[in-house]
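Here the structure is a predicted model, which means the values were calculated and not measured. Residue numbers start from 1 in every chain, and the chains themselves are labelled A, B, ... in the order their sequence lines are given, proteins ahead of strands. Side-chain atoms are counted along with the backbone in the values below, which use heavy atoms only and exclude waters and symmetry mates.
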Amino acid sequence: MDLKLKVWRQSGPDEAGGFVAYDAKEISPDMSFLEMLDVVNERILEEGGDPIAFDHDCREGICGSCGMMIDGVPHGPKSMTTVCQLHMRSFRDGDQLTLEPWRASSFPVLKDLYVDRTPFDRIIAAGGYISVRTGSADEANAEPIRKKDADAAFDAAACIGCGACVAACPNASAMLFTSAKVAHLAHLPQGQTERYTRVLDMVETHDTEGFGNCTNHGACQNACPKGISVDYIAQLNRDLFRATVTTAADPVGS
Amino acid sequence: MELNARIPSGPVEKKWENHRFEMKLVNPANKRKYDVIVVGTGLAGASAAATMGELGYNVHAFTHHESPRRAHSIAAQGGINAAKNYQNDGDSVYRLFYDTVKGGDFRSREANVYRLAEVSLNIIDQAVAQGVPFAREYGGKLANRSFGGAQVSRTFYARGQTGQQLLLGAYQALERQVRAGTVTMHTSKEMLDVVVIDGVAKGIVTRDLVTGVIERHAADAVVLATGGYSNVFFLSTNAQKCNVTATWRAHRRGAGFANPCFTQIHPTCIPPSGEYQSKLTLMSESLRNDGRIWVPKDPEDKRKGNDIPEDARDYYLERLYPSFGNLTPRDIASRRAKEMVDAGHGVGPMENGVFLDFKHAIERLGKDRVSERYGNLFEMYERITGEDPYDRPMRIFPAPHYTMGGLWVDYDLMTTVPGLFAAGEANFSDHGANRLGASALMQGLADGYFVVPLTIGNYLATVTPGSADTDHAAFADVEKDVKQRQSRLLDVDGTRSAASFHRELGRIMWENCGMVRTAEGLRSALQRIPELREEFWRDVRVPGTGEGLNPSLEQAGRVADFLEFAEVMCWDALTRDESCGAHYRPEHVTEEGEARRDDENFAHSAVWEFMGVGEEPRRHTEPLEFPNVPPSQRSYK
Ligand SMILES: Cc1cc2nc3c(=O)[nH]c(=O)nc-3n(C[C@H](O)[C@H](O)[C@H](O)COP(=O)(O)OP(=O)(O)OC[C@H]3O[C@@H](n4cnc5c(N)ncnc54)[C@H](O)[C@@H]3O)c2cc1C
Ligand code: SF4
Ligand code: FES
């Protein structure tokens, strides 16, 4: 099949960008979307041009490196699917597609479709962990955890940190990402000690990194390739409320 | 090259304990005066950096990824072994040790393997405490599954995403130390060389992938945890950015490279669908528990799988291995599949796979039971191929997956260059000639949480802290080398992409140094690789400049290193004139057609010394002894 692409090209973080048209010719429906871009890039290179930059690595939907807007939709048309797992059979011969990077001021474009998502690391560093020194752990089976809770923790922990939620949100909020980590750890007994300091610290960093407020729009959940639910945001808000109230009366953690 | 493994004294069960007592310690107040560089923040590197930060060292951690959470470890699916014996099925540290030595076909070091089995217990404790959501039973205790032919159930798992959850645990522990100020995280920085001063590792030179700036970093010790090199085959189950650069550069600076030819092939991957194929996707081996593997008897039979009647099918594994059938070990299942495809029985549009058929399982168990067991794998298969495995047989083919070879290390995980350590898949590890399923995650975390953070002290206690200085002439020399190499890549301005060379190299390696290695094939590869390398340096086209983000330049640098590394892999395969584990030389087989080890001549690790690009490397050996696990020949008939 043959497709027409309109791709955002931007040579560096401080440069102006713009759309450039490319033909994607003789594309096999069995190719993944990124393999299609590999083929386009190979031709750009043969013609002496500079290939389109995009981040990617595992190509199986788990590392969270890939991500771009396809016709305004994060990760493209297929639900619960990262762009690396999207295959060309989801498109038709003659389709015209517009490819853009995630758009959010906290995710500066480094080049073309490649953005900087390091603010996510800083949100995690603010408290997205359980403090346990190596070697100081109890015997793993000492504390039973209800299967239900372990499963719920897993569901929240499935976030791959791709940033699609931020790109989808009209406020460029990273609340879905933040709440997924808060919920993961809040579901486990080990996560209780730091539960309220964690949520305060992570939300504070979320805000200082320049992500917007959550106004319950819900676009994040639809964009998320891992099915992370907006219910976690509600949970986060409950914890946050409690944390704010309790810290006023009694320092958290005591 | 001196190879002193420095194995502690005493019986194998006591060695680690004795060693911990005998090791020199760094005074707690002094630890922060020591700078330690950790390159790589996958399971091994993230756990090592976090733990050394906790201990008080001043750690600098580097990754070429945007975030530690993107390391290749994230993709591991099946699980992690530990000798917890929660199932009361007879497991023990000794049994895990025994299975690992035997599984490695008697080409690993007993003392290290024993320690691995020992600390496996602590890994699970640590991970659970960090909040890793392992699978649980209804009673709330941890669940296990059996894996990779082990006779006990010792594998812990988190759905099909065990690597992801373990890496997130280690990553979070690392970020906690970043916040505490003990670890400085350097993301998007690729290590391009090691700096060795008077024979001792004192730092690294990196390129900032976002700004393009080449930087010097000095430290009192350097730990490489940069993963494996399966991508030398171009098509593998590894992530696209996995590479050999860090370990190869260290090798060029004097670190011995051990057993590079020990590479593992995974039998159940989805076959390539075209020339453009960029990677291969692995599907859990558990599929072989209920799926039946077959090919059409007649190579000319081009009917669809479902239209081929039973009597025209060859269930070759069941035929050749009546007692193990479809569950023969990874290497045998892989090799037989290749033989079938090579003999023209391949199926699918490119005739490059064998069938894995669930028709009988669905008849026997019902669709619901099958979907309960394999639903997510079937979905993954359908997503990639567009074919529904409930309706028609899957197609599978083996793919390169894991590399047992790596930098040679002593008991303390120190390479032949003092001050330079290697952890995780980057070292030649504890897996000998073949790794058991679910043991790579275990080894990475054992090295990172429990071994390197202690053994590095044994070295640092002998070093004056802060003795390294980026103003030293050696740093300037290395930086100059790195810059020259980069300009050379950019200046060729030829016609072909680095990827096209990589693909060609991969084909040479897969054909000649893949599942089956003949002396003749290896010699021809040794001839073709230098030719290809020469062509690369004459005709590669790397667009753009060294400034700013340039993925083409990153890729070209990695391919250039693979083009050098591939040769030593072939040398190793050629000189290891025996079959063992995953290394299969058809010249050395039993009457049953299985790998035949030659313990008299090859009960050793081969350790290579770099003699110059294109020069024949020098082979050294570390003899291996098996006082605890007497070598035996395996049989799966
Ligand atoms: C698909 C798949 C499934 C698997 N499933 C299992 C399983 O179920 N059980 C199991 O035990 N094992 C499994 N494995 C194997 C296991 O995942 C790996 O062996 C293990 O995760 C390797 O961890 P590591 O920390 O050594 O390296 P990696 O996770 O590969 O990390 C390497 C790190 O080094 C960095 N790096 C590399 N080069 C440089 C450089 N030059 N400069 C800076 N940074 C650099 C990278 O950025 C990364 O941070 C699987 C492997 C694959 C491919
Ligand atoms: S919540 Fe979903 S969309 Fe957001 S980063 Fe995580 S996986 Fe991506
Ligand atoms: S490339 Fe890893 S999630 Fe897409």
Side-chain angles (χ1 to χ4, degrees), chain A residues 12 28-32 34-35 38-39 42 45-46 49-51 53 55-60 62-65 81 85 87 89 110-111 114 116-118 120-121 124-126 128-135 137-141 144-147 150 153-154 157-158 161 184-185 188 190-191, chain B residues 50-51 54 65-67 69-70 72 74-75 84 86 122 124-126 128-131 133-142 158-159 161 164-165 168 172-173 175-176 178-179 185 187 210 239-241 273-274 276-279 281 383-384 386 449 453 497 499 541 543-544 548-549 551-552:
Chain A
S28 151
D30 288 329
M31 283 180 188
S32 72
L34 299 188
E35 284 169 345
D38 289 345
V39 169
E42 191 76 21
L45 190 123
E46 275 165 19
D50 192 15
D55 200 4
H56 66 98
D57 197 18
C58 73
R59 297 202 172 193
E60 49 187 73
I62 194 76
C63 73
S65 299
T81 304
Q85 288 187 301
H87 279 72
R89 65 181 81 88
L110 298 177
K111 189 176 181 182
Y114 209 122
D116 173 9
R117 288 163 295 193
T118 49
F120 274 6
D121 282 350
I124 297 296
Y129 47 75
I130 290 170
S131 298
V132 53
R133 212 173 352 95
T134 302
D138 294 332
E139 211 304 311
N141 247 350
I145 300 178
R146 287 187 306 174
K147 184 173 186 312
F154 183 97
H184 161 207
L185 301 175
L188 297 168
Q190 290 84 354
Chain B
T51 305
E54 287 167 9
H65 283 101
E66 176 203 30
S67 161
R69 68 181 296 151
R70 313 227 186 275
H72 167 61
I74 203 93
K84 283 287 196 184
Y86 285 158
N122 308 87
I124 303 302
D125 299 344
Q126 187 64 29
V128 166
Q130 289 169 342
F134 282 125
R136 294 199 174 247
E137 296 163 356
Y138 282 101
K141 300 290 187 183
L142 291 157
R159 294 198 197 148
Q161 295 162 39
Q164 178 195 31
Q165 295 308 320
L168 292 179
Q172 289 164 201
E175 292 299 337
R176 173 172 166 254
V178 170
R179 185 189 192 190
M185 194 60 226
T187 55
V210 175
Q240 302 279 287
K241 295 178 187 173
S273 65
Y276 51 79
Q277 189 85 26
S278 59
K279 79 156 290 181
T281 302
R383 195 195 278 278
I384 293 173
Y449 282 131
S497 67
R541 195 177 110 66
L549 187 70
S552 308

Does any N or O in the side chain of Lys147(A) come within less than 3.5 Å of the main-chain N or O of Arg136(B), such that one atom is a donor and the other an acceptor? no

Could you tell me which residues satisfy ring-ring contact (aromatic ring centres under 6.0 Å, His included) with His72(B), sequence neighbours excluded, listed by chain and number? none

Taking Pro551(B), Ala158(B), Gly274(B), Ala499(B) one by one, which has the highest count of heavy-atom pairs under 4.5 Å against chain A? Ala158(B)

Interface residue of largest heavy-atom contact number with chain B, from Glu42(A), Arg133(A), His184(A), Arg146(A), under 4.5 Å: Arg133(A)

Where on Leu185(A) is there a heavy atom nearer than 4.5 Å to chain B: the side chain, the backbone, both, or neither? side chain

Assess the residue pair Lys241(B) and Asp55(A) against the criterion (salt bridge (charged side-chain N to carboxylate O under 4.0 Å, His left out)); give the C-alpha distance rounded to whole Å, side-chain angles, the decisive distance to 0.1 Å, and a yes or no. CA-CA 10 Å; Lys241(B) 295 178 187 173; Asp55(A) 200 4; 2.7 Å; yes

Applying a strict 4.5 Å limit to non-hydrogen atoms, the region of Thr81(A) in contact with chain B is both

Portion of Glu137(B) that has a non-hydrogen atom of chain A nearer than 4.5 angstrom: backbone

If we define contacts as heavy-atom pairs under 4.5 Å, which of Gln161(B), Gln165(B), Arg541(B), His65(B) has the most with chain A? Arg541(B)

Between Ser67(B) and Arg117(A): side-chain donor-acceptor atoms closer than 3.5 Å: no

Do you know which of Leu188(A), Asp138(A), Asp116(A) has the most heavy-atom pairs under 4.5 Å to chain B? Asp138(A)

Roughly how far, to the nearest 0.5 Å, is the CD atom of Glu60(A) from the CD1 atom of Ile384(B)? 7.5 Å

At a heavy-atom separation under 4.5 Å, does Thr51(B) approach chain A through its side chain, its backbone, both, or neither? both

Interface check, chain B: of Ala157(A), Ala150(A), Ala53(A), most non-hydrogen pairs under 4.5 Å belong to Ala157(A)

What verdict does the side chain to side chain contact (heavy atoms under 4.5 Å, CB included) test give for Tyr449(B) and Asn122(B), after you've listed the backbone C-alpha separation in whole Å, the side-chain angles of each residue and the deciding distance to 0.1 Å? CA-CA 9 Å; Tyr449(B) 282 131; Asn122(B) 308 87; over 6 Å; no

Indicate yes or no for a side-chain donor-acceptor contact from Lys279(B) to the backbone of Cys58(A) under 3.5 Å, with no hydrogens or angles considered. yes

Would you mind checking which part of Ile145(A) comes under 4.5 Å of any heavy atom in chain B, side chain (CB onward), backbone (N, CA, C, O), both or neither? both

For Ser32(A) and Arg59(A), does a side-chain donor sit closer than 3.5 Å to a side-chain acceptor? no

Looking at Val128(B), Leu142(B), Asp125(B), Thr281(B), which one has more heavy-atom pairs under 4.5 Å with chain A than the rest? Asp125(B)

Determine whether Thr118(A) and Glu66(B) satisfy the following criterion, side chain to side chain contact (heavy atoms under 4.5 Å, CB included), listing intermediate values before the conclusion. CA-CA 7 Å; Thr118(A) 49; Glu66(B) 176 203 30; 4.2 Å; yes

With a 4.5 angstrom heavy-atom cut-off, could you sort out which part of Gln126(B) is near chain A: side chain, backbone, both or neither? both

Could you walk me through whether Arg69(B) and Phe120(A) pass side chain to side chain contact (heavy atoms under 4.5 Å, CB included), step by step? CA-CA 10 Å; Arg69(B) 68 181 296 151; Phe120(A) 274 6; 5.7 Å; no

Measure distances from Ser273(B) to the heavy atoms of chain A and classify the residue's part below 4.5 Å as side chain, backbone, both or neither. side chain

Checking Gln172(B) side chain against Gly128(A) main chain: does a donor-acceptor pair fall under 3.5 Å? yes

Between Gln164(B) and chain A, which part of the residue has a heavy atom less than 4.5 Å away: side chain, backbone, both or neither? side chain

I need the Glu139(A) CD to Lys84(B) NZ distance, nearest 0.5 Å. 3.5 Å

Option that, when pairs with chain B are counted at under 4.5 Å, heavy atom only, ranks first among Ile62(A), Val39(A), Thr134(A), Ile130(A): Thr134(A)

Are the side chain of Arg176(B) and the backbone of Ala50(B) linked by a donor-acceptor contact shorter than 3.5 Å? no

Most contact-rich option vs chain B, by heavy-atom pairs under 4.5 angstrom, among Ala153(A), Ser131(A), Gly191(A), Ser28(A), is Ser131(A)

Examine whether an atom of Leu549(B) lies under 4.5 Å from a heavy atom of chain A, and if so say whether it belongs to the side chain, the backbone or both; otherwise answer neither. both

Let me know if Arg89(A) has heavy atoms under 4.5 Å from chain B in its side chain, its backbone, both or neither. side chain

His56(A) versus chain B, heavy atoms under 4.5 Å apart: side chain, backbone, both or neither? both

Heavy-atom distance under 4.5 Å to chain A: side chain of Tyr86(B), backbone, both or neither? side chain

Where does Ser278(B) contact chain A at under 4.5 Å (heavy atoms): side chain, backbone, both or neither? both

